[in-house]
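Below: the structure, in structure tokens.
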Amino acid sequence: MASEVNTFSMINAENKRTWVKFHFRSQQGIENLTDEAAAAVVANDRESHGRDLLEAIERGDFPRWTLFIQVMTEDHGKDPQAQSF
């Protein structure tokens, strides 16, 4: 899951604050290269990541994510016992 490091402050019409984080999870899964394999790929094609994405789109294999939203009220954030983010 891609975790967002930024927390946003959203204030509603009643002037009440809610802290929000957005998390995106790839529906394609995550695959990683070893450092050695990545170095070999980049040595031959510095644009491999972009090319991989464009070729996948051309095949109809569009990237997809699931969005998760984590919220915390301002009162909850003030509670020292609270599990904050």
Side-chain angles (χ1 to χ4, degrees):
M1 171 152 31
S3 293
E4 176 61 49
V5 294
N6 296 313
T7 301
F8 298 91
S9 169
M10 298 190 164
I11 299 175
N12 67 16
E14 290 84 38
N15 205 33
K16 294 191 178 186
R17 180 188 320 270
T18 301
W19 300 103
V20 182
K21 276 190 168 185
F22 300 94
H23 304 276
F24 295 88
R25 179 179 292 163
S26 168
Q27 292 182 11
Q28 293 86 251
I30 298 172
E31 295 180 16
N32 297 303
L33 298 172
T34 63
D35 289 344
E36 295 79 21
V41 169
V42 172
N44 293 320
D45 182 0
R46 290 188 119 12
E47 302 300 325
S48 60
H49 62 289
R51 191 172 338 285
D52 182 53
L53 175 60
L54 292 175
E55 289 173 357
I57 291 170
E58 287 173 356
R59 290 190 309 270
D61 185 14
F62 300 100
R64 295 173 310 281
W65 295 270
T66 302
L67 170 63
F68 296 90
I69 301 173
Q70 182 180 6
V71 297
M72 180 174 59
T73 65
E74 192 167 33
D75 288 338
H76 185 101
K78 291 177 183 176
D79 180 357
Q81 302 296 324
Q83 187 92 13
S84 64
F85 43 72

Output for pair (K16 NZ, T18 OG1), nearest 0.5 Å, gives 9.5 Å
More than 12 foreign heavy atoms under 6.0 Å from CZ of R46: is that the case here?
no
side-chain contact (heavy atoms from CB on, under 4.5 Å) with V20: of T7, N6, V71, only one passes, and it is V71
Quick one: closest heavy-atom pair of A37 and T34, and the distance?
N-OG1, 3.0 Å
Determine the minimum heavy-atom distance between F62 and I57, stating which atoms define it.
CE2-CG2, 3.6 Å
For W19 against S9, the heavy-atom pair lying closest together
CZ3-CB, 3.4 Å
From CG (D79) to CD (E74), nearest 0.5 Å
13.5 Å
If the condition is side chain to side chain contact (heavy atoms under 4.5 Å, CB included), which residues does L67 pass it with, not counting sequence neighbours?
F22, F24, I69
Which pairs count as salt bridge (Lys or Arg N to Asp or Glu O under 4.0 Å) when at least one residue sits in residues 33-45, sequence neighbours excluded?
D45-R51
Salt bridge (Lys or Arg N to Asp or Glu O under 4.0 Å) partners for D52, two or more places apart
none
Starting at OG1 of T66, measure out to CZ of R25 and round the result to the nearest 0.5 Å.
7.5 Å
Find the distance between CG (D61) and CD (Q28) and round it off to the nearest 0.5 Å.
6.0 Å
